[in-house]
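Note sheet for the following structure.
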Amino acid sequence: MANSRFVLRYQGGGAKPDTDVERIRILDGASIIDESSPGLLLVDVQDEGKLREVVASMAHWVLVPEQTFAVPDTRKRVEQPPSRRLAPRNRHE
């Protein structure tokens with residue numbers, strides 16, 4: 001089974017409860033990738049169902065799948081090579 005990443009957002013007042021974070025940390029097949037934001041956790045998990053069960057039993061938490069976006073390539077490109085300019089005509093001819 002492939003791993004999936006989820007963002008858990010704590011919507012209660014104050015900091016996220018340490019007991020809730022520990023419940024996620026000890027969940028079999030789950031690892032916390034990032035917990036640096038005050039109200040967010042990024043979790044990598046093998047079994048989405050187990051994670052959903054645990055989160056459903058904790059108050060004030062929301063679980064959403066991680067979304068990633070491709071960054072567009074903004075480098076300028078030359079679509080066509082510049083055309084060769086003809087040598088200026090001699091006006092005195």
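Atoms considered below: every heavy atom in the structure, side chains included; atoms not considered: hydrogens, waters and symmetry mates.
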Test side chain to side chain contact (heavy atoms under 4.5 Å, CB included) applied to D34 and L41, step by step: CA-CA 6 Å; D34 186 4; L41 294 174; over 6 Å; no
Roughly how far apart are R23 CZ and L51 CG, rounded to 0.5 Å? 11.0 Å
Can you find a heavy atom in the side chain of Y10 that is under 4.5 Å from one in the side chain of P17? yes
Is any NZ, NE, NH1 or NH2 atom of the basic residue among E35 and R25 found under 4.0 Å from an Asp or Glu carboxylate oxygen of the other? yes
Per the side chain to side chain donor-acceptor pair (under 3.5 Å) rule, what does the pair list look like for residues 58-75, sequence neighbours excluded? D20-W61, D73-R75, D73-R77
Could you list the cluster mates of V64? Members are the ILVMFWY residues connected by side-chain heavy atoms closer than 4.5 Å, either directly or through other members. V7, I33, L40, L42, V62
How long is the span from the CG atom in D28 to the NZ atom in K50, to the nearest 0.5 Å? 5.0 Å
Less than 4.5 Å apart, side chain to side chain, heavy atoms only: is that true for M58 and I24? yes
Pair Q46, S4 - check side chain to side chain contact (heavy atoms under 4.5 Å, CB included), show working. CA-CA 6 Å; Q46 291 176 353; S4 301; over 6 Å; no
When you compare the side chain of L63 with that of R52, does any pair of heavy atoms fall below 4.5 Å? yes
Pair listing, ring pair (Phe, Tyr, Trp, His ring centres under 6.0 Å) test, anchored in residues 11-51, at least two apart: none
To the nearest 0.5 angstrom, please state how far the CG atom of N3 sits from the CD atom of E48. 11.5 Å
Residue pair K16 / G39: nearest heavy atoms and the distance that separates them: NZ-N, 4.4 Å
